[in-house]
Structure formats: structure tokens, C-alpha cells
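A short worksheet on the structure shown next.
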There are 2 protein chains.
Amino acid sequence: MNILEKIALNQNSFSKSERKVAEIIMAAPQSAMHSSIATLAKAADVSEPTVNRFCRRMETKGFPDFKLHLAQCLASGTPYVNRHVDEADGPDAYSAKIFDSTMAALETARQHLDTAAINRAVDILTQARKISFFGLGASASVAHDAQNKFFRFNVPVICFDDVLMQRMSCINSSEGEVIVFISHTGRTKSHVESAAQARNNDATVIGITDANSPLAQECSLVLSLEVSEDTDMYMPMSSRIAQLVLIDILATGFTLRRGTKFRENLKRVKDGLRESRFNKGLRDH
Amino acid sequence: MNILEKIALNQNSFSKSERKVAEIIMAAPQSAMHSSIATLAKAADVSEPTVNRFCRRMETKGFPDFKLHLAQCLASGTPYVNRHVDEADGPDAYSAKIFDSTMAALETARQHLDTAAINRAVDILTQARKISFFGLGASASVAHDAQNKFFRFNVPVICFDDVLMQRMSCINSSEGEVIVFISHTGRTKSHVESAAQARNNDATVIGITDANSPLAQECSLVLSLEVSEDTDMYMPMSSRIAQLVLIDILATGFTLRRGTKFRENLKRVKDGLRESRFNKGLRDH
DNA sequence: AGCATTCTAGTAATTTAACTACAAAATTAC
DNA sequence: GTAATTTTGTAGTTAAATTACTAGAATGCT
């Protein structure tokens with residue numbers, strides 16, 4: 001937890017002078033960071049040891065250490081203590097909050113990433129005869145994106161965002177095929193059933209989903225994304241982004257595994273897009 | 001520029017003792033951050049003022065200030081100075097690097113965000129009779145995602161990832177319609193032409209694209225995303241993520257503008273998804 | 001209500017860290 | 001090889017942070 005959040009959280013349990021210190025810091029963390037203990041104490045109208053005690057209560061070694069913590073949590077842009085979008089927020093506020101919560105989600109996702117599982121997934125994908133990506137709702141666009149990425153690798157890849165097509169595809173699946181199910185909750189009935197079907201046909205099933213979900217039970221390999229509390233107001237936000245980054249990681253692992261020669265393919269695809277562009281066309285859409 | 005990069009950059013122009021200091025810091029920035037000037041001086045086998053002078057040369061106010069800078073650049077996880085994926089990288093390394101570069105991209109995107117433009121875009125979207133999202137290639141999945149989000153708002157929304165459908169749709173467009181073109185480069189010929197067509201029919205054209213592109217010229221409003229150097233190896237990565245976050249921001253702005261009552265709609269949509277789930281179904285896919 | 005106990009805050013003293021001024025050594029230029 | 005300049009270190013100074021102790025406020029108990 002970052003230090004400003006911690007201050008905000010404990011605000012109730014503070015004593016009178018501690019609250020004064022907290023307020024001064026919260027009001028202008030940037031300037032608090034650059035103040036000496038004496039300056040800050042004067043600003044909060046308390047004594048220096050009070051400030052010091054405050055720092056200690058926040059589980060830091062002392063004032064200088066406290067400033068380091070403060071610096072770290074101010075490092076990434078706006079110090080929004082509360083990442084939840086509020087009704088009264090203007091464009092500045094809600095934009096910053098959404099960026100904040102997205103980045104926080106990515107940070108936790110990174111920390112909980114199981115690179116061994118990723119490595120195994122890359123193994124499986126590189127050896128696949130055919131790769132399918134299945135997603136529904138918000139996860140459908142992630143599946144589309146995955147298709148777009150793996151399509152460039154010149155491997156048979158397909159993407160379905162439709163329950164029936166997914167089911168049919170699973171019924172006809174066979175050994176050597178890899179099916180990647182993308183689902184944040186892992187509780188979509190049709191996904192669970194389709195995954196079971198595919199496993200039955202000896203296809204390999206990879207789940208990008210919650211580790212403790214019914215879908216995870218049916219998978220040969222689970223890539224779980226621990227995303228910090230979804231901040232979304234009734235909409236998937238951070239989870240989706242984390243899934244996309246995971247796709248990027250898998251795609252990168254894939255190209256690295258395939259070696260240098262293979263990467264020339266990618267360049268060809270990219271160059272091939274040029275003529276559909278107005279000059280300067282060096283990048284993708 | 002972050003302070004570690006700056007040190008790495010100036011490494012050549014350092015004197016003998018300065019280099020010693022630099023090396024100690026680069027080798028263990030985390031511990032340097034928590035050291036006193038005396039400890040660090042001893043570790044580098046130089047005198048204290050040398051360390052102090054080093055800090056000043058790095059354009060900081062002194063040692064404590066230097067430590068703050070250090071803290072800030074160590075704040076977001078691993079201090080990978082080089083974020084580019086290397087052939088020799090293992091799963092740990094490339095995963096970390098992709099997370100790093102994605103987050104760095106979001107950080108720059110946030111800093112360059114034009115919230116006034118966002119506010120205007122929200123204005124336009126809330127008043128639209130019909131909203132269309134157009135994307136091709138990697139941007140197609142962003143368009144799909146946008147559709148998924150705005151669909152929940154119970155407004156007429158459509159998404160095309162096909163050149164011909166996009167063109168036809170533009171030909172039939174009229175006043176009151178809003179068309180959002182998503183394109184990283186803004187140089188896709190068909191997009192530019194379709195946008196011009198739509199403008200001709202008095203439809204409102206919003207571009208999520210490069211501000212200095214041909215497409216931007218044709219737009220009523222441009223939302224540009226300044227994304228730090230794309231780290232991708234022949235594939236779009238960070239740009240896409242930033243676009244999605246922008247969609248989240250627009251969607252959030254939309255719901256806020258529509259007010260509390262409107263938000264009950266969203267809850268209904270969410271609750272409606274329940275029965276397609278195995279118990280515990282509180283979230284989207 | 002009054003006394004005691006505990007918790008809180010401030011003063012003053014101490015310790016520690018950071019910085020300055022100056023001098024010596026080393027490097028470079030001529 | 002000497003002078004000039006740059007680099008580095010020593011010693012002293014100042015400032016900042018922390019500790020120990022004491023006064024005051026709040027709470028609890030009889």
C-alpha cells in the first residue's frame with residue numbers, strides 16, 4: 001500500500017496534532033516531500049517530534065525515510081489517494097484516476113505473475129497445430145487482439161466471440177490443437193462446458209482466468225491474473241488491460257522461441273502494410 | 001528523464017571518483033537510496049564531499065534531494081534501464097520488460113493527455129444520435145471493446161472492422177451521428193477517405209490518432225495519445241493499451257455526465273449476466 | 001466529583017548527517 | 001619541467017533529525 005493511502009486510511013485513528021500533520025501532507029505532498037522536519041512542523045503548527053512520531057506511526061524509520069516513501073508514491077504522476085471515480089470528479093480527476101488504477105492493476109498483476117506457467121504456455125503454443133482464442137463480452141476484444149498478434153506469426157489461428165461457434169469448434173477439436181479461453185471470472189457456463197468438451201477430444205486447453213474458477217478446473221494450463229480490486233463501475237477495466245499485456249508477453253515469448261529467422265516474417269507483414277498508407281507508414285494502425 | 005538513466009548517460013564524462021560513485025549507485029540503487037552520505041562515500045571509497053558534488057552534477061539540490069529522485073525512479077518496480085526485449089531474455093526478463101514498457105507508455109500518455117479535448121469528446125458522445133467505432137488491424141479490437149462498453153449505456157452503437165462496411169456506413173452517415181476512428185498512425189488511406197466522406201455528410205468525426213496525421217486533418221475533434229517510443233518488436237503493443245484506457249476514460253466521462261439514474265442501467269446489464277454464470281457471478285468475463 | 005493513570009504533545013539537549021571552505025594532490029597544457 | 005586547472009580530500013561548520021524528559025490533556029476508576 002502506498003503511504004498516502006495509508007495516511008488517508010488511518011485518518012480516523014489520529015490524534016489532534018497527528019491529524020494536523022496529516023492534513024498538511026495530504027494537501028501538498030509534493031512540497032511536504034521537499035520540506036525539512038522543522039518547516040513541516042511549523043506549517044502544521046506542531047512540534048518537530050510530533051512530526052517524527054507521525055512518521056514512525058506510518059511504519060517508516062523516521063522523517064527522511066518517510067520522505068522517501070512519499071517520493072515513491074508521488075513518482076507516478078498525480079497523487080490521487082482515492083482511485084475510485086467520484087460523481088463530482090471533473091475530466092482531470094477521473095482521467096487521472098483511471099490511469100492510476102490501471103497502472104496499479106498492472107503492478108499487482110506483474111507481482112503475481114507465474115513466469116513458469118508462461119513459459120509452459122509458450123511451449124504449448126509454439127508446438128500447436130492450430131491455435132484458437134475464445135472470449136465473450138469484454139474478453140472478446142482481447143481474443144480478437146490475440147488473433148491479430150498470432151496471425152502475424154503465420155500459424156493457423158482463429159478467434160471466436162460467439163457461443164455457438166466456440167462450442168462447434170470444441171466439438172470438432174482434436175489432439176495438437178490449442179484453445180485459449182479468456183474469461184476474467186471463469187464462471188461463464190458455456191465456456192466451462194466447451195472447455196470440458198475440448199479436453200475430452202485431447203485438445204490442449206489454456207485458461208487466462210481466475211485460478212479458483214470452474215473454468216480453471218477444466219484447463220490443461222491456467223494463466224491466472226491477480227488484478228487488484230477492480231475499480232470499475234459496473235464495467236470491466238483493469239482486468240482486460242492485464243489480459244492484453246499477458247497476450248503481449250505470450251506473443252513475445254513465442255517470437256523469441258521461434259528464433260531470429262522467424263522474426264523476418266514479422267517484418268514482412270509490417271512492410272506489406274505500407275501501401276495501404278499515406279507516406280511515413282512505419283507503424284501499424 | 002529519470003535519474004538512473006541520466007547517470008548511465010553521463011558515465012563517460014565522469015572523473016575517476018565520480019565514476020566510482022556512479023558504479024556503486026547503479027549496482028544497488030535500492031540500498032544507495034537508504035544509505036547516508038557517509039556510508040555511500042565509504043562504499044565507493046571516496047570522500048563525502050565527492051558524493052555531494054556528484055549529486056549536484058546530476059542537477060539535484062544535494063544528497064537528500066538526490067535520494068528523493070532515486071526513490072522516484074525506483075518507485076515503479078524493477079529499475080530496468082533498458083526496457084527493450086533482448087534475444088537472450090528468459091520468461092522472467094521479458095515479462096518484466098513488457099510490463100515496464102507498458103506502464104511507462106501509460107505514464108507518458110497520462111502526462112500528455114488533453115483533458116479539455118476529452119471533455120469535449122464526452123459532450124459530443126452524450127449528444128450523439130448514434131455512435132460508431134471504426135478500427136482496422138490492431139485497432140479493431142479497441143473498437144470492439146469500445147462497442148462493448150457503450151453498448152451497456154443503451155445508446156445506438158456499432159463497430160466496424162471492415163473497410164467496406166466502414167465506407168458504406170460513412171456514405172450513409174448524417175448529422176447527429178458520431179464516428180470514432182481509431183488508428184495509431186492516422187495514415188490508413190481508407191480511414192482518411194471515409195472520415196472525409198462522413199464530414200461531408202455533416203457527421204461528427206472523432207479521431208483517436210496521431211495529432212499530425214492526415215486522418216487528424218479530417219476530424220472534428222482529435223484525441224491524440226502521446227505514447228513513448230513504441231518498444232514493440234514489429235507489433236503494436238503499448239499504443240493499443242493506451243487507446244483502451246482512453247476508451248475507459250470516455251466511457252467513464254459518459255456515465256458521469258448522464259447522472260446517477262442512468263447508472264442503474266449499468267447495474268441492470270451486469271445483473272442480467274448472472275444467470276449465464278456458475279454461482280458467485282458478480283463480475284464480467 | 002476527585003484522584004490516578006495513561007496517552008499526547010512540547011522543550012531542550014544530543015546526536016547525526018550534510019555541507020562549506022580551504023588545502024593538497026593530480027592531471028593537463030604549454 | 002613548470003604553471004594552470006581540475007579534481008579530491010580534510011577539517012570545521014551548520015543544519016537537521018532524534019532522544020529523553022516533562023508538562024498537560026483525556027480517560028477511567030472509585
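Numbered from 1 within each chain, the chains take letters A, B, ... in sequence-line order.
Looking at B/T115, its side chain never comes within 3.5 Å of a backbone N or O of A/D92 through a donor-acceptor pair. Side chain of B/D114 to backbone of B/A117: a donor-acceptor contact under 3.5 angstrom is found. Proximity of a side-chain donor or acceptor of A/T209 to a complementary backbone N or O of A/S183 within less than 3.5 Å is detected.
The interatomic distance linking A/D45 (CG) with C/dT11 (C1') rounds to 15 Å, in whole Å. Atom-to-atom, NZ of A/K67 to C1' of D/dA17 comes out at 10 Å; the value is rounded to the nearest Å. With rounding to whole Å, A/F66 atom CZ is found 15 Å from D/dA17 atom C1'. To the nearest angstrom, C1' of D/dT7 lies 13 Å from CZ of B/R19. The distance from atom CD1 of B/I37 to atom P of D/dG9 is 13 Å, rounded to the nearest whole Å. Regarding B/E18, its CD atom lies at a distance of 11 Å from the P atom of D/dG9, rounded to whole Å. Separating the CD atom of A/E48 from the P atom of D/dA16 is a distance of 9 Å, rounded to the nearest angstrom. With rounding to whole Å, B/K16 atom NZ is found 13 Å from D/dT6 atom C1'.
Within the 4.0 Å cut-off from OP1 or OP2 of D/dT8, at least one side-chain nitrogen or oxygen of B/S17 is found. In this model, the phosphate group of D/dT6 is not approached by any side-chain N or O of B/S15 to a distance below 4.0 Å at OP1 or OP2. Side-chain N/O atoms of B/T50 include one lying less than 4.0 angstrom from OP1 or OP2 on D/dG9.
In this structure the side chain of A/I25 reaches within 4.5 angstrom of the side chain of A/L40, judged on heavy atoms. Residues B/H34 and A/L68 have side chains in contact (heavy-atom distance under 4.5 Å, counting atoms from C-beta outward). The shortest distance between side-chain heavy atoms of A/N119 and A/R257 falls below 4.5 Å. Side-chain contact check for A/L106 versus B/L106: some heavy-atom pair is nearer than 4.5 Å.
Across all strands shown, D/dG1 is found opposite C/dC30 as a Watson-Crick or G-U wobble partner, with both distances under 3.5 Å.
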What does nucleotides 19-24 of chain D look like as a protein-contact string, B for base, S for sugar-phosphate only, - for none, at under 4.0 angstrom between heavy atoms? B-----

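Here B/E23 does not pair with B/K20 in a salt bridge; the nearest charged N to carboxylate O distance is not below 4.0 Å.
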Side-chain atoms of residues 59-66 of chain A: list all donor-acceptor pairs with protein atoms under 3.5 Å, sequence neighbours left out, distances to 0.1 Å.
from	atom 1	to	atom 2	distance (Å)
A/E59	OE1	A/K6	NZ	2.8
A/T60	OG1	A/C55	O	2.7
A/T60	OG1	A/G62	O	3.4
A/D65	OD2	A/K61	N	2.9

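A heavy atom closer than 4.0 Å to some atom of DNA chain D occurs in A/G62, A/F63, A/P64, these being the qualifying members of residues 57-65 of chain A.
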